[in-house]
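One structure is given below, encoded as structure tokens.
Just so you know, residue 1 is the first one in the sequence shown, and it goes up from there. All values below were derived from every heavy atom in this structure, side-chain atoms included, with hydrogens, water molecules and symmetry-related copies excluded.
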Amino acid sequence: MNNNIGSHLEIMSTDDETTPDHLETWDGGHVFLPVEEATPEQHPALYNLSAGHLFGGVIRPIVPDPPEYVALDVRDRDLQVVAEVAQWNMLWEAGQFRRRFFDQDDLPEPIASIADMGDINTILVPRTATRFFEYEPLFHLLPKATLSRFGLPLLRRGLWPYQADWSGIEQFLPEDFEDRLARAWAWTVWPRINSGSGLNAFSRDDPIKLLAHNLDFWVPPITDVIESALRELPEVDKGREVGPVILEDGSALEGAVTGNPRMGGYAWVGEEWADEVVRETVDLADQTGRLRDIIDAVRSHRLEDDFSTRWSYAREDFERKLHRKRNRVQVRFVELTETIPVQGSESDFADRVVTNDFMALLDREQREVVVLLASGLRQHEVAEKLGYANHGAISKKLSRIRKQAEHYFELD
């Protein structure tokens, strides 16, 4: 095919072939790591296999596209699909150009459909109920103590990107693996995104807490960290010089150069190294996912309901600021027919700070009512905007808001 790379990047042969008989000898002993081997120096760990075992060279995008994980329905024992997926992923350095190593007419489904989509950077994984392979890098950052705390299995070192699931990993994982992993990851990353108060200080619906548990949010930055680490590994000497990538039709592939494949090696090994990778992942999430902006926005707009009933420094700080501002003023809300709620003439507040703090204690619809009335709309107009048949519902809401205000400003 004209889109494929010429013979100077031919696939290298290998004598180490996996056979069905070999697969039948696989058992849980190849999956679980003996406790005595899970030392802080050797666990957790994630490593990579070099493409140099199978390929005589690679191409590298000058500007790699961010990779995306694509979950496929793959039969575990379909050796052709397993082999093609392994080779596809092994060419991670080729990024969006990896399809050009394959004759698309010979690719089995569903890989052929992926290749037919053009130059996109995809990492292929089997679709599983637990989504283990999408989240595997995050799992293999967790130390033994954290795995034990959240009831997660102690597995041998991870391999990235995915190659094959010879063991049938799903049978060794709890049914609620994804939930356990989310809680374990949040426990691990929380001190780096919200130091000072633990997870239990906040309600289950707190936005930052939800973000910490959102594994999909963390997959892109950890993948970038892994690739950056592997790009530091030395190259296998295959005799390839850096130069243009020549296609079979004689043209050059724009935006790519040739090169030797890199050696395989560890992305991390041991607790100290893994902890540093967690830090790098948070930093990268800050750059690509604007993590700090999200956190700052949430912190500055926290509601009382964001906190649990437990004492914490965060809750104490929130309440101290709230009460300090509250004690500076006395405000009464007065409801006037067909007009807006106003403050009494004795009110004394600065820059609407107290009103804003009080607004934080209202629910979404109550805040909408106050804001719309404050903007000059009359009650019947507010009722129309909020979808009520008449302004009676708005009057009732104002009555409840007035009672909340009286309690809030200690006027009851």
Side-chain angles (χ1 to χ4, degrees), residues 16 26-53 89-90 92-93 123 125 130 132-167 169 172-174 177 180-193 195 198-199 212 215 218-236 261-285:
D16 299 327
W26 202 276
D27 56 33
H30 295 84
V31 176
F32 298 111
L33 179 67
V35 175
E36 63 273 14
E37 295 182 23
T39 64
E41 294 75 29
Q42 296 297 318
H43 179 274
L46 187 81
Y47 78 110
N48 166 264
L49 288 175
S50 171
H53 293 297
N89 287 341
M90 194 174 286
W92 66 271
E93 285 190 273
I123 298 171
V125 296
T130 62
F132 173 80
F133 295 106
E134 291 106 306
Y135 301 145
E136 185 175 9
L138 300 175
F139 174 86
H140 286 293
L141 280 170
L142 304 179
K144 179 176 64 174
T146 303
L147 295 176
S148 176
R149 180 185 185 94
F150 292 93
L152 290 166
L154 184 62
L155 304 183
R156 294 184 179 274
R157 67 182 182 178
L159 175 64
W160 186 93
Y162 168 82
Q163 298 294 301
D165 182 23
W166 302 128
S167 64
I169 191 66
F172 301 107
L173 302 176
F177 170 82
R180 289 173 184 263
L181 178 59
R183 289 187 285 117
W185 176 253
W187 172 269
T188 300
V189 77
W190 185 261
R192 298 192 179 278
I193 64 176
S195 60
L199 280 165
L215 299 176
W218 297 101
V219 168
I222 184 56
T223 301
D224 285 348
V225 170
I226 292 171
E227 291 192 340
S228 295
L230 297 181
R231 289 190 181 102
E232 298 297 319
L233 295 173
E235 295 182 2
V236 180
R262 298 195 183 279
M263 294 182 179
Y266 282 100
W268 62 80
V269 57
E271 291 185 9
E272 184 176 347
W273 193 346
D275 185 66
E276 177 65 18
V277 172
V278 172
R279 183 192 64 77
E280 292 176 8
T281 301
V282 172
D283 289 345
L284 194 58

Task: Donor-acceptor contact below 3.5 Å, side chain Glu93 vs main chain Arg262 - done: yes
- [ ] Please report the shortest heavy-atom distance between Gly151 and Pro174, naming the atom on each side.
- [x] O-CG, 4.2 Å
Task: Nearest non-hydrogen partners of Arg231 and Trp92, listed with the distance - done: CG-CH2, 3.8 Å
Task: Check: Asp165 side chain, Ile169 main-chain N or O, donor-acceptor pair, under 3.5 Å - done: yes
Open item on the list: Can you confirm whether Leu154 sits close enough to Phe32 that some side-chain heavy atom of one is under 4.5 Å from a side-chain heavy atom of the other?
Closed with: no
Open item on the list: Check whether Arg180 reaches the backbone of Phe150 with its side chain - one donor and one acceptor, N or O, closer than 3.5 Å.
Closed with: yes
Task: Minimal non-hydrogen separation, His30 against Arg156, with atom names - done: O-CD, 3.4 Å
Open item on the list: Nearest 0.5 angstrom please: Tyr135 OH to Ile222 CD1, how far?
Closed with: 14.5 Å
Task: Salt bridge flag under 4.0 Å for residues Arg279 and Asp283 - done: yes
- [ ] Go through Asn48 and Tyr266 one step at a time and tell me if the side chain to side chain contact (heavy atoms under 4.5 Å, CB included) criterion holds.
- [x] CA-CA 6 Å; Asn48 166 264; Tyr266 282 100; over 6 Å; no
Task: Close side-chain approach of Glu134 to Ile123, heavy-atom, < 4.5 Å - done: no
TODO: For Phe172 and Ser167, work out which heavy atoms get closest and say how close.
DONE: CE1-O, 3.5 Å
Open item on the list: Please find the pair of heavy atoms, one from Pro191 and one from Thr188, that lie closest to each other, and give the distance.
Closed with: CD-O, 3.5 Å
Task: Least distance between heavy atoms, Leu147 atom then Pro153 atom - done: CD1-O, 3.7 Å
Task: Flag, side chain of Thr146 to backbone of Leu142, donor-acceptor distance under 3.5 Å - done: no
Task: Separation of Glu136 CD from Leu155 CG (nearest 0.5 Å) - done: 8.5 Å
Open item on the list: Can you confirm whether more than 12 heavy atoms, excluding those of Gln42, are under 6.0 Å from its CD atom?
Closed with: no
Open item on the list: As a quick check of understanding, evaluate side chain to side chain contact (heavy atoms under 4.5 Å, CB included) for His43 and Leu33, giving each step before the final call.
Closed with: CA-CA 9 Å; His43 179 274; Leu33 179 67; 3.6 Å; yes
Task: Reported CG-to-CH2 distance for the pair Leu215 and Trp185, which is rounded to 0.5 angstrom - done: 9.0 Å
- [ ] Report, as yes or no, whether the 6.0 Å neighbourhood of atom CD on Glu272 holds more than 12 heavy atoms from other residues, nucleotides or ligands.
- [x] no
TODO: Output yes when a side-chain donor or acceptor of Trp160 lies under 3.5 Å from a complementary backbone atom of Leu49, and no otherwise.
DONE: no
TODO: Test the Arg157-Tyr47 pair against the cation-pi criterion, namely NZ or CZ under 6.0 angstrom from the six-membered ring centroid and within 45° of the ring axis.
DONE: yes
TODO: Examine distances only and state if a side-chain atom of Asn89 and a backbone atom of Pro161 form a donor-acceptor pair shorter than 3.5 Å.
DONE: no
Open item on the list: Run the side chain to side chain contact (heavy atoms under 4.5 Å, CB included) test on Leu141 and Glu271 for me, step by step, so that the C-alpha distance in whole Å, both residues' side-chain angles and the decisive distance to 0.1 Å come before the verdict.
Closed with: CA-CA 8 Å; Leu141 280 170; Glu271 291 185 9; over 6 Å; no
Open item on the list: Within the structure provided, determine whether Pro137 and Ile226 are in side-chain contact (heavy-atom separation under 4.5 Å).
Closed with: yes
- [ ] Could you tell me whether a side-chain N or O of Ser228 sits under 3.5 Å from a main-chain N or O of Asp224, the two making a donor and an acceptor?
- [x] yes
